[in-house]
Amino acid sequence: MKRKGNPVTKFFVKTLGNEKHQVYTIPVFAIILSLIVGAVVIAILGKNPFSAYLNLLQGSGIAPKAKYAGGKNMLTDFSSFLSYWTPMIFAALAVAVALKAGLFNIGVSGQMLVAGFLSSITIGYSTLAAPVAKPLVVLVAMVVGAAIGCLIGWLKYRFNINEVVSSIMLNYIGEYIIAFFIYTKFVDPVSRQSKNISDMARLTLIGVEIGGYKYDIPLGIILAVLAALIIQFVFKKTTFGYELKAVGSNRKASQYAGISVGKNMILAMIISGALAGAAGASYYLGYFASIQPKVLPSTGFDSIAVALLGNSNPIGILASSFLISVIGKGSTYMSSTAGLDAEIASVITGLILLFSACGAFIREKVKRSKDRMEEMAKKERTEETDTKNVNAKETDAEESNAGKVKAKEENSKINAGKENTGVGK
């Protein structure tokens with residue numbers, strides 16, 4: 001008898017059960033769950049969750065608003081969103097590269113700040129022409145970030161100092177030293193932030209007029225997407241990428257296999273720091289033009305959630321960073337239009353991270369359900385086979401009995417014929 005399984009379980013096993021695609025399907029499932037729970041929270045607050053989510057899209061230039069100010073439209077909002085998105089891509093890639101090597105670079109915020117500051121005072125305040133200043137801004141920031149990453153990796157390799165501890169300590173060292181220099185040398189007396197960098201060095205072209213509308217065009221977005229594609233290639237197609245993942249999976253086994261664990265750890269942190277430096281350049285010399293002292297950029301901490309959500313996969317990070325950036329960028333418009341606190345966006349981001357962290361649990365539950373369904377299917381096939389064998393045996397027995405009866409009848413006929421023949425004689 002065929003058993004009927006739970007249709008909901010069957011749906012989830014069919015949707016999430018393919019192990020090859022789970023790297024994509026499970027994060028998407030986690031995001032959908034988090035958005036549903038977020039909608040429930042918004043509804044409890046007495047607001048329309050659909051309108052709130054629409055406001056997030058409108059604030060990021062992905063959906064049209066009802067009204068626009070002069071010189072603004074949906075595309076101008078989207079260009080500003082791209083400028084906001086750029087440092088998040090770099091920062092999440094920085095976290096992902098370290099994670100691949102089994103390291104946790106929690107100091108991305110500090111590396112962004114130091115790289116952005118040194119890049120500002122060396123190039124940002126100079127009188128260099130734009131074709132020279134803009135590439136140098138990125139180069140200086142990446143070198144500074146790489147130097148800090150190298151220090152963290154070397155401390156880990158040489159003295160086994162936990163990279164989480166060293167990177168956090170360097171965060172605060174950089175934060176307060178830079179605050180001292182800003183307040184004493186580079187402060188703007190009105191804003192109490194650092195002085196604005198020159199437009200020649202800024203990585204975002206501000207107020208570019210096209211067709212009567214003013215756009216903020218981020219130059220760094222091309223570099224960010226290109227960096228993601230290059231890192232994906234390195235992870236998938238190069239020996240270095242393989243060694244990096246091997247070290248991250250099992251250091252002892254890698255060492256026995258002849259892979260230089262120390263070298264790969266330091267190189268991973270150098271690359272991670274360089275990407276964090278690029279994030280600092282696109283943040284402080286792109287989206288913003290100055291530095292707020294005594295404040296670490298939240299992008300560096302949000303990037304941890306983005307990297308985990310994207311499974312440390314560069315292509316997945318492009319998608320996850322886009323989603324988190326939409327929530328962050330659109331929160332101000334949602335707050336002003338829907339009457340919700342902007343912190344609700346942080347709640348939604350936190351829910352996404354929470355459900356993403358349950359990815360291993362979801363994977364295990366799906367695997368168990370899949371195994372159970374396969375076991376049931378196997379049992380059903382066995383029962384069907386047994387039933388067929390029994391039926392076949394019964395059929396054979398019936399045919400055999402029928403054959404015997406027929407043979408007896410024929411023998412009877414033959415004997416009767418012989419007897420008749422004898423009587424005639």
Side-chain angles (χ1 to χ4, degrees), residues 6-9 11-12 14-16 21-69 72-85 88-89 91-92 287 298-299 301-311 316-363 365-366:
N6 189 329
V8 177
T9 304
F11 171 77
F12 283 117
K14 188 175 181 180
T15 307
L16 307 174
H21 299 148
Q22 280 181 346
V23 67
Y24 307 109
T25 54
I26 288 180
V28 170
F29 176 65
I31 289 168
I32 292 170
L33 273 181
S34 60
L35 292 177
I36 292 170
V37 175
V40 172
V41 172
I42 293 170
I44 290 171
L45 294 174
K47 305 296 181 180
N48 187 333
F50 297 103
S51 298
Y53 286 152
L54 178 62
N55 294 153
L56 290 176
L57 298 176
Q58 290 171 327
S60 302
I62 299 172
K65 297 177 183 175
K67 294 180 182 178
Y68 289 95
K72 298 286 183 180
N73 62 10
M74 191 174 82
L75 288 178
T76 62
D77 287 348
F78 186 68
S79 67
S80 179
F81 165 76
L82 290 178
S83 183
Y84 179 87
W85 180 31
M88 183 65 81
I89 299 174
Y287 187 67
S298 61
T299 300
F301 298 109
D302 292 342
S303 65
I304 298 170
V306 170
L308 293 173
L309 180 60
N311 280 321
I317 281 171
L318 288 177
S320 61
S321 62
F322 185 87
L323 173 66
I324 300 298
S325 296
V326 166
I327 295 170
K329 179 68 173 171
S331 61
T332 304
Y333 185 76
M334 179 190 71
S335 177
S336 62
T337 306
L340 285 163
D341 290 335
E343 285 73 19
I344 289 296
S346 299
V347 172
I348 296 169
T349 303
L351 287 169
I352 291 172
L353 178 58
L354 176 64
F355 282 104
S356 299
C358 297
F361 172 76
I362 296 171
R363 190 178 289 106
K365 289 290 287 183
V366 170

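None of these values were measured; they are calculated from a predicted model. Numbering starts at 1 and runs along the sequence shown.
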message = The test is side-chain contact (heavy atoms from CB on, under 4.5 Å); show your working for Ile31 and Leu309 and say whether it passes.
response = CA-CA 9 Å; Ile31 289 168; Leu309 180 60; 4.0 Å; yes

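Within the model, atoms CH2 of Trp85 and OH of Tyr287 stand 15.0 Å from one another, a figure rounded to the nearest 0.5 Å. Here CD1 of Ile89 is found 5.5 Å from CG of Leu318. Values are rounded to the nearest 0.5 Å. Taking OG from Ser79 and NZ from Lys72, the interatomic distance works out to 7.0 Å, rounded to the nearest 0.5 Å. With rounding to the nearest 0.5 angstrom, the OH atom of Tyr84 is 8.0 Å from the NZ atom of Lys329. Between Leu35 atom CG and Ile42 atom CD1 the span is 9.0 Å, to the nearest 0.5 Å. Distance check, rounded to the nearest 0.5 Å: OG1 of Thr299 to CD1 of Ile304 gives 11.5 Å.
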Side-chain donor-acceptor pairs of residues 337-353 under 3.5 Å, sequence neighbours excluded:
{"unit_1": "Thr337", "atom_1": "OG1", "unit_2": "Tyr333", "atom_2": "O", "d": "2.9"}
{"unit_1": "Thr349", "atom_1": "OG1", "unit_2": "Ala345", "atom_2": "O", "d": "3.0"}

Check residues 55-67 and write down every donor-acceptor pair under 3.5 Å in which the side-chain atom is one partner and the other belongs to a residue at least two apart or another chain.
{"unit_1": "Asn55", "atom_1": "ND2", "unit_2": "Ser51", "atom_2": "O", "d": "3.4"}
{"unit_1": "Asn55", "atom_1": "ND2", "unit_2": "Gln58", "atom_2": "OE1", "d": "3.0"}
{"unit_1": "Gln58", "atom_1": "NE2", "unit_2": "Pro64", "atom_2": "O", "d": "3.0"}
{"unit_1": "Ser60", "atom_1": "OG", "unit_2": "Leu56", "atom_2": "O", "d": "3.1"}
{"unit_1": "Ser60", "atom_1": "OG", "unit_2": "Val326", "atom_2": "O", "d": "3.1"}
{"unit_1": "Lys65", "atom_1": "NZ", "unit_2": "Asp77", "atom_2": "OD2", "d": "3.1"}

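In this structure a side-chain-to-backbone donor-acceptor pair under 3.5 Å is present from Thr76 to Asn73.
Considering only residues two or more places apart in sequence or on other chains, Ser335 meets the side-chain hydrogen bond (donor to acceptor under 3.5 Å, both in side chains) condition with none of them. For Ile32, the side-chain contact (heavy atoms from CB on, under 4.5 Å) partners at least two apart in sequence or on another chain are Val28, Ile36.
Counting only residues at least two apart or in different chains, ring pair (Phe, Tyr, Trp, His ring centres under 6.0 Å) contacts with residues 25-51 comprise Phe12-Phe29. Sorted by first and then second residue, the side-chain hydrogen bond (donor to acceptor under 3.5 Å, both in side chains) pairs with a member in residues 26-38 form an empty list; sequence neighbours excluded.
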